[in-house]
Protein chains: 2
Amino acid sequence: MTDNNYTALDAETFAGICRALGHPARVKIVSHLLENNVCICGRIVEILPLAQSTVSQHLKILKQSGLVTGIVDGARSCYCIDRKLLKRFKKMVEDL
Amino acid sequence: MTDNNYTALDAETFAGICRALGHPARVKIVSHLLENNVCICGRIVEILPLAQSTVSQHLKILKQSGLVTGIVDGARSCYCIDRKLLKRFKKMVEDL
DNA sequence: ATCGTATATCGTCGATTAACGATTAATATC
DNA sequence: GATATTAATCGTTAATCGACGATATACGAT
């Protein structure tokens, strides 16, 4: 069995990613992360017209879906896209 | 300005389609519709382990997203995918 | 006109979501 | 060590979701 990076996502994971993308704010976060590769929470708060706590919540949902990963960088939190999972997700949408 | 069928979806529409796909039952409905081109409500009820009213609700959500269209055929309701919108959605995911 | 079938809608219930402000925890800086 | 900065978590509230059974509507057949 070869590891081709394209193992089909199970329905739950797929629906989970869709649900995570099912909010305009989260779509914007993902777009921004893709454009800038990485981004700290505070910068995202600046961009969106939402309270810091709300943004933090959206980031949590995105992390739970697996699409976004976050690492702590001092007092900051640095987020970025899991490109491998995104690739699998794209493939799954393509194959719909 | 040429009509290339690939006009970008606005964030709301995109998030709306994602939200519609954000439930396993609705993913299954969409997959089934894609495989069979068209399908009446009753057949979908047979396939899913859900009450008829629940399935009808899921179909309503899919219709509201625009991804699925339904026409009345006598006493039946016949559903199918809006392939043009699906194409635009796929393109938008691809371009993520 | 009545009866059966197919589907949509209504009403309800518990669970989840989205938003916020307030608080807490962790790290820098002075 | 005190104090700011950054971000996560808590608690609350209103709204929405997901499921169901019951009911209503619409059509086809008798």
Side-chain angles (χ1 to χ4, degrees), chain A residues 10-33 36-81, chain B residues 10-33 36-81:
Chain A
D10 58 285
E12 279 300 331
T13 307
F14 179 71
I17 294 174
C18 288
R19 217 178 311 127
L21 289 173
H23 192 289
R26 293 196 289 268
V27 172
K28 283 172 193 156
I29 292 173
V30 168
S31 296
H32 189 263
L33 287 178
N36 297 74
N37 203 29
V38 295
C39 192
I40 62 167
C41 177
R43 179 73 189 123
I44 297 172
V45 172
E46 283 173 3
I47 292 167
L48 297 176
L50 294 169
Q52 176 268 322
S53 55
T54 306
V55 171
S56 205
Q57 218 169 233
H58 282 307
L59 286 166
K60 191 180 183 183
I61 291 169
L62 284 168
K63 269 203 292 184
Q64 281 169 347
S65 79
L67 199 56
V68 165
T69 57
I71 61 167
V72 176
D73 171 25
R76 322 275 176 97
S77 268
C78 199
Y79 289 93
C80 72
I81 301 287
Chain B
D10 59 285
E12 280 298 334
T13 307
F14 179 72
I17 294 174
C18 288
R19 216 177 313 126
L21 289 174
H23 191 289
R26 295 196 288 269
V27 172
K28 283 172 195 158
I29 291 173
V30 167
S31 296
H32 190 263
L33 286 177
N36 296 76
N37 204 30
V38 295
C39 192
I40 62 166
C41 175
R43 179 73 191 122
I44 297 170
V45 171
E46 284 173 3
I47 292 165
L48 298 175
L50 294 169
Q52 176 269 323
S53 56
T54 305
V55 170
S56 204
Q57 217 168 234
H58 282 308
L59 285 166
K60 192 181 183 181
I61 290 170
L62 284 168
K63 270 202 292 185
Q64 282 169 349
S65 79
L67 199 56
V68 165
T69 58
I71 61 166
V72 175
D73 170 25
R76 323 275 176 96
S77 269
C78 199
Y79 290 93
C80 72
I81 300 288

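Letters A, B, ... mirror the listed sequences (proteins, then strands); counts begin at 1. Computation of the quantities below employed the complete heavy-atom set of this structure, encompassing side-chain atoms and omitting hydrogens, waters and symmetry-equivalent molecules. What you are looking at is a predicted structure, and each value in this text was computed from that prediction instead of being measured.
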For the pair made of CD in Gln52(A) and C1' in dA22(C), what is the distance, rounded to whole Å? 11 Å

Heavy-atom closest pair, residues His32(A) and Cys39(A): CE1-SG, 3.4 Å

Can you figure out which of dC27(D), dA7(D), dC20(C) approaches the side chain of Cys41(A) most closely? dA7(D)

In whole Å, I'd like the distance from the CG atom of Leu50(B) to the P atom of dG21(D). 11 Å

What is the distance from CD1 of Ile71(A) to P of dA26(C), rounded to the nearest Å? 18 Å

Residue list, salt bridge (Lys or Arg N to Asp or Glu O under 4.0 Å) with Arg43(A), at least two apart or on another chain: Glu46(A)

Shortest non-hydrogen contact from Gly70(A) toward Tyr79(A): CA-CD2, 3.7 Å

To check you understand the geometry: which heavy-atom pair defines the closest contact between Val38(B) and Cys78(B), and what is its length? CB-SG, 3.9 Å

Using a 4.0 Å heavy-atom cut-off, does Ser77(B) contact any base of the nucleic acid, only the sugar-phosphate backbone, or nothing at all? sugar-phosphate

Would you kindly give the NZ-to-P distance between Lys28(A) and dA18(C), to the nearest whole Å? 14 Å

Non-hydrogen atoms of Gln52(B) and Val45(B) that approach each other most closely: CA-CG2, 4.0 Å

Tell me the interatomic distance from Ile44(B), atom CD1, to dA6(C), atom P, rounded to whole angstroms. 14 Å

Roughly how many Å is it from CD1 in Ile40(A) to P in dT5(D), rounded to a whole number? 14 Å

Length of the line joining Leu21(A):CG and dT17(C):C1', which is rounded to integer Å: 16 Å

Per atom distances to the Ser56(A) side chain, the nearest of dA8(D), dC27(D), dG21(C) is dA8(D)

Send over the distance from Lys60(A) NZ to dC10(D) P, rounded to a whole Å. 7 Å

Measure all distances between protein nitrogen or oxygen atoms and nitrogen or oxygen atoms of nucleotides 16-18 of chain D, and list the pairs falling under 3.5 Å.
from	atom 1	to	atom 2	distance (Å)
dG18(D)	OP2	Arg26(B)	NH1	3.1

Minimal heavy-atom distance between Ala15(A) and Val27(B), with the atoms involved, is CB-CG2, 4.4 Å

Please name all residues satisfying side-chain hydrogen bond (donor to acceptor under 3.5 Å, both in side chains) with His23(A), sequence neighbours left out, ordered by chain then number. none

Using a 4.0 Å heavy-atom cut-off, does Leu59(A) contact any base of the nucleic acid, only the sugar-phosphate backbone, or nothing at all? nothing

Compare side-chain N and O positions of Tyr79(A) against OP1 and OP2 of dT6(D) and report whether any pair is under 4.0 Å apart. no

